[in-house]
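Residue numbers begin at 1 in each chain, while the letters A, B, ... track the order of the sequences.
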Amino acid sequence: MSPTEAPTPADTPADTPAFRYTGALAQVIESRWHDRWDAEGTFEAPNPAGPLADPAKVAGRPRKFILDMFPYPSGTGLHMGHPLGFTATDMYARYMRMTGHNVLYTMGFDAFGLPAEQFAVQTGQHPAITTNQNIANIRTQLRRLGLSHDHRRSISTTDPGYYRWTQWIFLQVFNSWFDPDLKKARRIDELVAEFEAGTRAPKGGDWAAMSASERRRELEQWRLAYVSEAPVNWCPGLGTVVANEEVTADGRSDRGNFPVFKRNMRQWMMRITTYADRLIDDLELLDWTDAIKAMQRNWIGRSEGATVHFDTAAGPITVFTTRPDTLFGATFMVLAPEHGLVDALTTPEQAAAVAEYRASAAAKDDYDRQNEGREKTGVFTGSYATNPLDGTQIPVWIADYVLMGYGTGAIMAVPCGDQRDFEFARKFGLPIVAIQDPTDGRGTDTSTWADAFVGDAPYVNSSNGSLVLDSVASVAEGVRLTNEWLAAHGHGEATITYKLRDWLFSRQRYWGEPFPIVYDVDGNPHALPDDLLPVNLPETDQFSPRTFDPDDAMSNPESPLDRLQDWVNIELDLGDGVQPYRRDTNVMPQWAGSCWYELRYLDPTNEQAFVDPANEAYWMGPTEPDASGGVDLYVGGVEHAVLHLLYARFWHKVLFDLGHVSSVEPFHRLFNQGYILAAAYQDERGMYVEAADVQAVDGGYRYDGQPVTREYGKMGKSLKNAIDPDEMCQQYGADTLRLYLMSMGPLDASRPWESKDVVGVYRFLQRVWRNIVDEDTGAARLLPEPADADTVRLLHRTIAGVREELDNLRFNTAIAKLIELNNHLTKLGGCPVDIADPLVKMLAPMAPHVAEELWSTLGHTDSLAFEPFPVADPALLVADTVEYPVQINGKVRSRVTVAADASGDDVLAVALADEKVVAALAGATPKKTIVVPGRMVNIVA
RNA sequence: GCCCGAGUGGCGGAAUGGCAGACGCGACGGACUCAAAAUCCGUUGUCCGAAAGGGCGUGUGGGUUCGAGUCCCACCUCGGGCACCA
């Protein structure tokens with residue numbers, strides 16, 4: 001048998017009892033309950049307001065909004081990672097319902113995007129058709145898993161009734177600006193009012209003197225969504241631009257792995273950078289792991305320092321530094337090759353060398369730069385700058401290790417304190433001056449140094465008369481004093497910079513949301529009024545943008561919508577008479593639809609608003625002062641740590657600032673599930689082979705007779721090691737699959753799939769079934785006597801344990817505790833009559849179909865979805881007697897059993913009287929004794 | 001290089017600073033069976049021992065503590081993220 005092939009459950013031979021819990025019977029049971037749940041609308045959650053309102057049912061039940069990251073409806077359906085996360089949320093949702101909560105739990109589809117479009121290009125079939133087929137297929141798969149979704153609330157981002165509001169939210173962003181004083185978004189008309197009142201100064205001069213066009217351009221500099229000519233990531237292989245977040249570390253596209261080039265193009269941007277501080281600061285309010293918070297902080301990349309101005313013949317060069325205290329050690333400056341002052345600074349003698357260097361730098365994409373290593377290169381411009389602290393003249397170089405996209409694209413080089421500057425100085429023979437006396441004893445003669453010194457150490461050579469750092473010993477103090485001096489003398493100021501760039505928001509593709517924007521004859525963008533929404537995606541049979549040679553950096557985008565001139569050109573009256581306009585021919589990136597879907601779940605059929613404020617406040621509003629509000633539990637993969645989670649937080653904050661939502665953050669608690677790994681096999685050429693067809697032979701592995709090597713990797717198509725959830729349902733039933741997925745290990749850990757292990761939880765369900773049901777008749781078959789005291793105690797310990805584990809999403813240990821209880825019942829020969837109900841209720845969140853079936857076999861007529869979850873009796877959680885391990889010098893030497901309420905002294909007396917303890921002590925008097933009530937005794941001899 | 005995680009039986013994994021290895025897989029033995037499967041019962045960290053019992057055990061080395069898988073320091077290995085970020 002191959003190691004990844006699932007063992008088939010017992011073939012059902014002729015003498016199999018009619019009501020044995022087999023995979024076949026499980027499927028009968030499961031589809032029966034799917035039908036009944038649907039028919040009865042069991043999982044429909046009432047709203048306080050709007051079309052889905054049922055205030056009587058809302059009253060008195062605390063809310064719980066449980067959310068999965070919604071799937072992309074791929075043509076290959078769900079992969080095993082989906083049921084993993086979905087089962088976890090479903091178990092939690094069901095448990096929450098049984099503990100009295102009003103639970104909002106549903107599932108939608110993130111359906112715009114590249115694969116459907118590419119499939120359409122290949123087949124000529126409209127992506128909407130493919131998408132709807134895929135969604136229908138996935139709905140079938142979801143139903144099969146028994147997920148307790150409120151089906152009325154499901155949405156697809158591609159539905160015009162949904163993207164109407166995506167467009168509407170875009171216009172909210174477009175029509176607002178960020179007030180740097182209040183640090184929040186405000187409506188753009190409030191900015192106009194401030195300009196008119198003279199309480200705020202436009203960036204471009206006198207508002208009153210501006211023409212209408214100038215005023216539009218002024219406002220564009222403030223809007224949170226704006227069109228700008230700026231360096232963007234152009235990907236000729238995809239035929240579109242992509243966001244910074246979609247470019248991999250080696251300078252290629254996240255999708256398709258094509259080269260990406262920095263090019264100046266006119267594109268839609270979102271001013272997410274204005275929210276950088278709040279996006280960092282509000283992480284404090286969130287119940288997320290430190291790892292994800294760190295990734296977001298890292299991406300935003302806030303660093304504090306100073307800007308410093310250096311005079312040159314060509315005007316001042318402004319640099320950003322995190323170490324202004326090292327300014328006395330600045331012995332040269334370096335500009336990025338693209339820096340605007342390079343031409344003016346370059347002397348005639350250096351002109352040829354500079355031009356050559358710039359040309360070679362421009363020809364490299366990020367990928368090449370990476371591959372060429374870190375060897376420092378650069379060219380002297382021929383000019384000098386003046387160090388503002390002491391007036392020294394220092395040479396100005398250009399080098400590609402200084403990046404135009406960060407800080408000001410120029411640095412002051414302090415080779416004694418920065419490793420890159422140190423290497424550069426060594427390579428080109430530039431001076432290195434020590435400005436600290438390093439604490440590692442290397443001395444201040446830099447000619448003997450092997451590397452730069454970074455850290456706290458007393459300053460030397462760092463005084464100019466009015467600024468005295470010498471004898472200061474801490475960097476923090478040095479920075480503070482230098483910043484003060486720079487500000488006082490007009491040479492600089494304390495500054496904060498970010499790695500985060502504004503979000504490139506347009507794509508030259510077809511399968512996305514059109515922009516609700518038209519341009520007038522002067523090329524100025526105008527928002528369409530709400531009553532013209534949605535702007536429907538126009539019909540066409542040309543779905544592809546023009547794509548280019550992936551390496552053709554100088555190609556230009558040509559979107560599918562550009563070709564639809566009948567659609568592009570329209571006449572509208574936007575307030576000043578009917579005028580000709582041109583529609584925007586870009587579409588939004590795939591992230592747009594996922595930036596707010598959780599809000600639409602709250603009120604999916606509302607035609608008047610994207611969500612009724614009363615519904616938002618109920619489901620997502622803060623439940624205590626200073627809390628963030630937001631989804632109570634959000635489960636999904638860590639791969640969205642920066643992209644989706646950053647963009648969605650940004651949109652939510654804009655909506656909050658504008659008063660549309662009461663929650664500050666969209667997702668209060670985030671839980672990242674691990675990956676499902678599986679064995680993958682490579683042949684001798686390094687090609688992956690179908691894992692299902694690999695044979696285990698003599699401790700090795702063979703495919704088609706040839707030896708192959710095994711490794712573990714993320715389950716999926718590329719490693720040819722995927723296992724289909726449907727197949728598992730087919731063989732064992734969904735309940736077994738659910739239990740297996742949850743019992744493999746903690747939800748947040750990646751775990752290897754082992755098909756042979758599935759049988760463990762399958763056997764557990766069979767045993768539960770057999771303890772309650774007569775396999776021949778299908779009738780209930782309980783032990784008629786009530787349970788003995790030990791069994792009752794075990795039941796209550798199990799109840800307390802399962803509750804505790806489920807409260808903390810520890811499904812694996814919750815299941816283990818149920819198995820323990822059931823194993824005990826198996827030893828008793830069956831389930832005592834008073835244990836059956838609580839056992840089945842505890843099983844209900846985990847294996848809902850079999851639990852419902854057992855519940856009805858036990859004579860109950862209603863679904864147990866809303867049955868109260870069992871409550872442990874505290875009196876039964878403590879035993880009459882406790883067995884104490886007795887340690888001598890920390891090693892267990894004996895055990896004594898004493899009454900549970902015995903005092904510490906009594907326990908110790910019993911322990912000291914124990915014969916093994918007496919023997920071990922051999923007459924010695926204990927130096928010290930420790931009694932931990934209920935736990936153990938330790939005697940130090 | 002920097003920032004996060006994680007290292008426990010043959011395997012997946014349990015263990016509020018208090019009996020290491022719950023639960024499951026696998027393996028071994030037994031019952032049932034003509035036989036097998038399924039099911040049920042039992043054993044299963046490792047070493048010494050016939051047994052009773054004992055030694056050793058949570059990546060490595062130190063430390064704190066009556067007591068450390070758990071806390072602290074240093075290191076090793078693996079996984080993830082970021083990276084010429086000034």
Kindly label the base of B/G9 as syn or anti, based on whether its glycosidic torsion lies within 90° of 0.
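Syn conformation here, the glycosidic angle of B/G9 being no more than 90° from 0.
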Between B/A86, B/C25, B/C84, which nucleotide gets closest to the side-chain atoms of A/T321?
B/A86
Closest to the A/N298 side chain: B/G81, B/C85, B/C23?
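The closest nucleotide is B/G81.
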To the nearest Å, how far apart are [X] [atom1] and [N] [atom2]?
X: A/I394; N: B/A86; atom1: CD1; atom2: P; result: 19 Å
X: A/R501; N: B/C82; atom1: CZ; atom2: C1'; result: 16 Å
X: A/Y675; N: B/G79; atom1: OH; atom2: C1'; result: 11 Å

Counting only side-chain nitrogens and oxygens, does A/N822 get under 4.0 Å of the OP1 or OP2 atom of B/C23?
no
N/O donor-acceptor pair, side chain [X] with base [N], under 3.5 angstrom:
X: A/N938; N: B/C66; answer: yes
X: A/R935; N: B/U16; answer: yes
X: A/K817; N: B/C23; answer: no

Could you please spell out the steps behind the side-chain contact (heavy atoms from CB on, under 4.5 Å) verdict for A/L646 and A/I300?
CA-CA 9 Å; A/L646 196 64; A/I300 296 167; 4.1 Å; yes
What does A/A816 touch in the nucleic acid at a heavy-atom separation under 4.0 angstrom: a base, only the sugar-phosphate, or nothing?
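Base contact - A/A816 has a heavy atom under 4.0 Å of at least one base atom.
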Would you call the rings of A/Y401 and A/F424 parallel, tilted or perpendicular, taking 30° and 60° as the class edges?
tilted
For A/R297, is there an ion pair with A/E284 - N to carboxylate O distance below 4.0 angstrom?
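A/R297 and A/E284: salt-bridged.
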Please determine, for B/G7, whether a Watson-Crick or G-U wobble partner exists with both distances under 3.5 Å, and give it or none.
B/C76
